[in-house]
Chemist: 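Quick one: structure below, then a few questions.
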Number of protein chains: 4
Amino acid sequence: MPMVSVAVAGCTGYAGGELLRLLLSHPEVEVGALTAGSSAGRRLGALQPHLGPLADRVVQESTPEVLAGHDVVFLALPHGTSAAIAAALPEDCLVVDCGADFRLADPADWQQFYGTEHAGTWPYGLPELPGQREVLAGARRIAVPGCYPTSATLALAPAVAAGLVDGRDVVVVAASGPSGAGKSLKPHLLGSELMGSASAYGVGGVHRHVPEIRQNLRTLGADDPTLSFTPVLVPMSRGILSTCSAPLQPGVDAERARAAYTEALADEPFVTLLPEGQWPQTQSVLGSNTVHLQVAVDAAAGRLVVVVALDNLTKGTAGGAVQSMNLALGLPETLGLPLVGVAP
Amino acid sequence: MPMVSVAVAGCTGYAGGELLRLLLSHPEVEVGALTAGSSAGRRLGALQPHLGPLADRVVQESTPEVLAGHDVVFLALPHGTSAAIAAALPEDCLVVDCGADFRLADPADWQQFYGTEHAGTWPYGLPELPGQREVLAGARRIAVPGCYPTSATLALAPAVAAGLVDGRDVVVVAASGPSGAGKSLKPHLLGSELMGSASAYGVGGVHRHVPEIRQNLRTLGADDPTLSFTPVLVPMSRGILSTCSAPLQPGVDAERARAAYTEALADEPFVTLLPEGQWPQTQSVLGSNTVHLQVAVDAAAGRLVVVVALDNLTKGTAGGAVQSMNLALGLPETLGLPLVGVAP
Amino acid sequence: MPMVSVAVAGCTGYAGGELLRLLLSHPEVEVGALTAGSSAGRRLGALQPHLGPLADRVVQESTPEVLAGHDVVFLALPHGTSAAIAAALPEDCLVVDCGADFRLADPADWQQFYGTEHAGTWPYGLPELPGQREVLAGARRIAVPGCYPTSATLALAPAVAAGLVDGRDVVVVAASGPSGAGKSLKPHLLGSELMGSASAYGVGGVHRHVPEIRQNLRTLGADDPTLSFTPVLVPMSRGILSTCSAPLQPGVDAERARAAYTEALADEPFVTLLPEGQWPQTQSVLGSNTVHLQVAVDAAAGRLVVVVALDNLTKGTAGGAVQSMNLALGLPETLGLPLVGVAP
Amino acid sequence: MPMVSVAVAGCTGYAGGELLRLLLSHPEVEVGALTAGSSAGRRLGALQPHLGPLADRVVQESTPEVLAGHDVVFLALPHGTSAAIAAALPEDCLVVDCGADFRLADPADWQQFYGTEHAGTWPYGLPELPGQREVLAGARRIAVPGCYPTSATLALAPAVAAGLVDGRDVVVVAASGPSGAGKSLKPHLLGSELMGSASAYGVGGVHRHVPEIRQNLRTLGADDPTLSFTPVLVPMSRGILSTCSAPLQPGVDAERARAAYTEALADEPFVTLLPEGQWPQTQSVLGSNTVHLQVAVDAAAGRLVVVVALDNLTKGTAGGAVQSMNLALGLPETLGLPLVGVAP
């Protein structure tokens, strides 16, 4: 089988850089065009110094002409810019969008949280959702989930599916590093502001990942999910640690909860339920496509609590994207994806 | 008025060090005996190099003989060791215990979470609780609250008092640095483990601060508070950022919530409700006795969300202790306490 | 004596914020006008959330009209902008410039490293230089030293003065946080870039602080100082740890070196030689005007090695500025300046 | 060819963990016995949670019996403990020691810096030294260099070899994270002490890596190298950024220096001279076996300055060890070693 030729649009950002880090060690991939907006014409090495093997590549413009002619095109672009490019690419080209444009099924959700016209809905690149591997097999358009929704959905999926919780009154507080916000030059993303400090943002139901998480809970079988979601910026470049809880359904105890998670995750290659007593830490999964989670039943509080750790740039973005690409192309799902975190 | 003579037992730990940092700039205090356990006999400068003015002091043993003869004795000792020392100190000596021993009113709570015999209950050093300033005025035994309970209680007090929430199904997720755990030589507190990583611990209702927070919610008027509490270690030495939420009582909207917080905090010298749209960050209160909080009504989720930032060693421990000392001695409550954080 | 009225131009940056943090606890100062450029008209609390007592102040424009009428005006402005404002302020107004414009004595140095016309030379605000306290007493124009030059000069001053070294072949490598670079929105100052990473910049003699350090070495008596200076960005908001070395003059041993430092620093209120065996750490001086240093004689290498720790925003900028203000106004040199660092 | 069976003694520490991370993705390696001291009998997953594929392995005791029978044994043990184990292993078993025991050629150096009897000298695992690849080919005992010596030697090798400097008066200041110090439970390695702080240690020629760096400079042709070496702990788990300088030999200018480095590094797979104007940052090489360096000629200071970045656990320890293993076994030198850093 010939190598899969892959282009990356938005190669100068953090998501684009992580895609290239992973693609460089993917045994079936050949890295093709690298494109961006204002950085077109520059050496990639000046912008992504860690990508040594590609240092002398020159960044091209993100036009359909440059991107066409590849088997796969990854889009790591600002929200709202993918649709035009995707429309100009051939139907048999696999387009994997790391942005938000095609994640939401309900145009009203899009309108409420993004304020523009809805571009459409693509197959959702979270293979761990029930039946989703079949959906992704052979797909030619894939919307990669947001990093927070990946964490919250993987944390709660076994619980909703097994009826441990019903998806109502879910509370998610997610500690994350700033790389998920990209290389934007905003004052609150400066190192001086972030180091030694924790801060909340997008509080009170206004974060754009709220409708995506609720959509996933519905996919899992929750009739009318409600969600309080608070992201917290903490001083680390990468990683998300989400603490997710929801009211216990009657009769759920620790044993039943653990059994449900054990069973649900038994065959998942990237999602690991840690042994009892061991709690997730983001360091353990840094740079890998692995997700660590742990579950507790707090009988006094009447809540199931699930803590989940993942790398927002790997499983939360670029790793998840490559995982979905593998499925779409009929390659082994885990091909080229690191399982072991860079710790300490 | 003569200066207040103050001894600090446990002067070599983080809480003891922070007490001394604050006491050194307190205009009415004279620092007396400095005591500890295994470090007795050493220069303080070798153990607390930031305390320059006390560098040449020699650490003494933590015995009642050494500690007696001061107007105030601060105890910053491991849990379970305060009672014996306090019993040997004169009744008119103000003893301020930064440990847990005398915080809980219910011996059953103590027994369940600490597993030893309950030492007793002292006036609780959180002046912001209703009527508590009167309790503390003239007190000669004070139990300083835990750092997490300080954050959660201050966050929720106006809401419970005003009936915005009823104290049931409270969820608190608190991001914190490791200094609250003291200088213990434990593997998970090593810098290599903590830097670049976030991790949860004490999940599922087992953290010792759970009964203390519930006790405070009852003090505030909640009949039967329930609490899911998850502490999260993040890579910063100091600071707590707690995200607290609870189901909204019927009819509560953003306006009413904001009005309740504005009114409740109008005269509080150390607790600030930030202007709308501005969210707390721990950096802003680092090294100060100030608490920043912000409140949101998430109507879709049916929850009130309060985010609060404080310095676990200052307002969360040593600053709160000095504030209570001021009240007990009839000094101005804010005397000697910094209001401005060391940012960035 | 009436309070000293003080204005701060550039109140929205890191240096301006630190000036205000210190001035708010200075017992003889009344904070007057707060001015800035593009942020004029905004609430200070939105820009400097840690400055609670000034949160409701509105930032004014940095014009001479607004700044005039104060006893003291601090300028915390971009390089090249101080001269015009200073020229328009009364001669009896004390102007303290935290920028570089008036630091260098030699116009050729200025021209080489800044590329514009030299604005002039003001009394240099480093009281620890020989005779400098007399120069600063009564001064009405003061140029605050750069943060790196403060660290290197304080480290080497006793050695040059005592002839332990002759100022030739000095090597300084300084690890620093990014707050010294201000709130500039530059990619390399983003938190994602800085956290978990160390990087060098301005290598090879091109950093603008090189001529200032050499000037100070000449002031200390070095005939023809040569200097290799390398700044290294490390992941902490504040602090400089400089490792300074120079060839030992004949006959210098550890005892003589230590004696020279002990004697030179005996009466310095802010510069502390640590006991033998104890090495500086920036945490110990965080937020304080204190400097910690230690000296070693490496006989095999033939070099004197001095390590120095200070807070770049406090002693390195704003604290040094207030210290010089105190001297200029005839106030006690240490008035209002913290001696104890915020550790851990 | 059958897989190479590999055992790791000291699998619970940071070096051992990094060895296993790399070995797990090495295509020719099969991970055999995992041994340690006090942790024998425990699940590896409880001690190294990032090593998911080995989580259920049980740690065995570090005895020759357990280790024998493998093609390769890596020793990641405390200094002074390797000799006894190595002596008991077959001569045709490749033993790669990550400790210091067999690095130094001169017993007097060992005696002076370690204070015990010298165990001997093994082939030195730094393939980039002239002729060293030939030495390592077929070797059955290899001493892995220290992390600081790897950085300083790679930085200076082209300069010494080309006569840009003569190895006298070398000054190295190296900023590093604490993982190089291992999982030792020492107070100064606690996260609360390290985060937000920089500190120096082992100053003045007393660090144990001094004789090793000098030995390497002699190997490179320096007659009588002298070295001032200062390690600086900074708040990041991994990474070393070393700033190395030495007096320029007559006639050396920037062009000649750059040419010497370009030529010397042209065929090195892991050492990259960055383009002019671009300076190394540790983030770019995090988790990879890549080394980034940059060179400057500071004519005014009369020094060549080289800045080098590497990951202390990868190229500085475990990656270097695997690279040497590859050479010893006749495998491609780069096999299984990551080239791309985990940035940001």
Side-chain angles (χ1 to χ4, degrees), chain C residues 169-177 188 190-206 210 214 226-230 232-241 243 245 247 254 279-284 286 294-303 305 307 309 343-344, chain D residues 169-177 188 190-206 210 214 226-230 232-241 243 245 247 254 279-284 286 294-303 305 307 309 343-344:
Chain C
D169 199 22
V170 171
V171 177
V172 175
V173 179
S176 173
H188 76 284
L190 287 174
S192 297
E193 304 288 318
L194 290 165
M195 293 190 286
S197 193
S199 58
Y201 69 102
V203 188
V206 301
V210 168
R214 293 181 67 237
T226 55
L227 168 70
S228 168
F229 171 61
T230 308
V232 174
L233 271 179
V234 298
M236 56 193 197
S237 289
R238 291 176 172 235
I240 290 179
L241 189 95
T243 301
S245 69
W279 287 88
Q281 54 193 54
T282 59
Q283 189 184 66
S284 296
L286 193 98
Q294 183 57 286
V295 60
V297 165
D298 185 341
R303 286 197 161 247
V305 186
V307 178
Chain D
D169 199 22
V170 171
V171 177
V172 175
V173 179
S176 174
H188 76 284
L190 287 174
S192 296
E193 304 289 319
L194 290 166
M195 293 189 285
S197 195
S199 58
Y201 69 102
V203 187
V206 302
V210 168
R214 293 181 67 238
T226 55
L227 169 70
S228 167
F229 171 62
T230 307
V232 174
L233 270 179
V234 299
M236 55 194 197
S237 289
R238 292 174 173 237
I240 290 180
L241 189 94
T243 302
S245 69
W279 289 87
Q281 54 193 52
T282 60
Q283 190 184 66
S284 297
L286 193 98
Q294 183 56 287
V295 60
V297 164
D298 184 342
R303 285 197 162 248
V305 186
V307 178

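Reminder, nothing fancy here: chain letters follow the sequence lines and each chain counts from 1.
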Chemist: Of all residues at least two apart in sequence or in a different chain, which pass the side chain to side chain contact (heavy atoms under 4.5 Å, CB included) check with S197(D)?
Modeler: Q281(C), T282(C), Q283(C)

Chemist: For the interface with chain D, which of V295(C), V305(C), T243(C) has the highest count of heavy-atom pairs at distances below 4.5 Å?
Modeler: T243(C)

Chemist: Looking at every heavy atom in both P344(D) and S192(C), which two are closest together, and how far apart are they?
Modeler: CB-O, 3.3 Å

Chemist: For A301(C) and D169(D), which heavy atoms make the closest approach, and how far apart are they?
Modeler: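 For A301(C) versus D169(D), the nearest heavy atoms are O-OD1, 4.4 Å.
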
Chemist: Determine the minimum heavy-atom distance between G196(D) and L286(C), stating which atoms define it.
Modeler: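 Scanning both residues, the minimum pair turns out to be O-CD1, 4.5 Å.
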
Chemist: Identify which part of S228(D) has an atom lying under 4.5 Å from any heavy atom of chain C, answering side chain, backbone, both or neither.
Modeler: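 Looking at S228(D), backbone and side chain both touch chain C.
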
Chemist: Under a 4.5 Å heavy-atom cut-off, does chain D meet the side chain of A300(C), its backbone, both or neither?
Modeler: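 A300(C) touches chain D through backbone heavy atoms alone.
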
Chemist: Among G205(D), A175(D), A296(D), which residue forms the greatest number of heavy-atom pairs with chain C at distances under 4.5 Å?
Modeler: G205(D)

Chemist: Locate the shortest heavy-atom distance separating L241(D) from V232(C); write the atom from each residue and the value.
Modeler: CD2-CG1, 3.6 Å

Chemist: Please report the closest heavy-atom contact between M236(D) and P235(C), naming both atoms and the distance.
Modeler: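 For M236(D) and P235(C), the tightest heavy-atom pair comes out as CB-CG, 4.2 Å.
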
Chemist: Which residue out of V206(C), L190(C), L194(C), V203(C) racks up the most heavy-atom pairs below 4.5 Å with chain D?
Modeler: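 Greatest number of close heavy-atom pairs with chain D: V203(C).
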
Chemist: For the CH2 atom of W279(D) and the CG atom of L233(C), what is their distance to the nearest 0.5 Å?
Modeler: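 Between atom CH2 of W279(D) and atom CG of L233(C) there are 13.5 Å.
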
Chemist: Looking at every heavy atom in both V307(C) and A200(D), which two are closest together, and how far apart are they?
Modeler: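 Heavy atoms only, the tightest pair is CG1-CB, 3.8 Å.
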
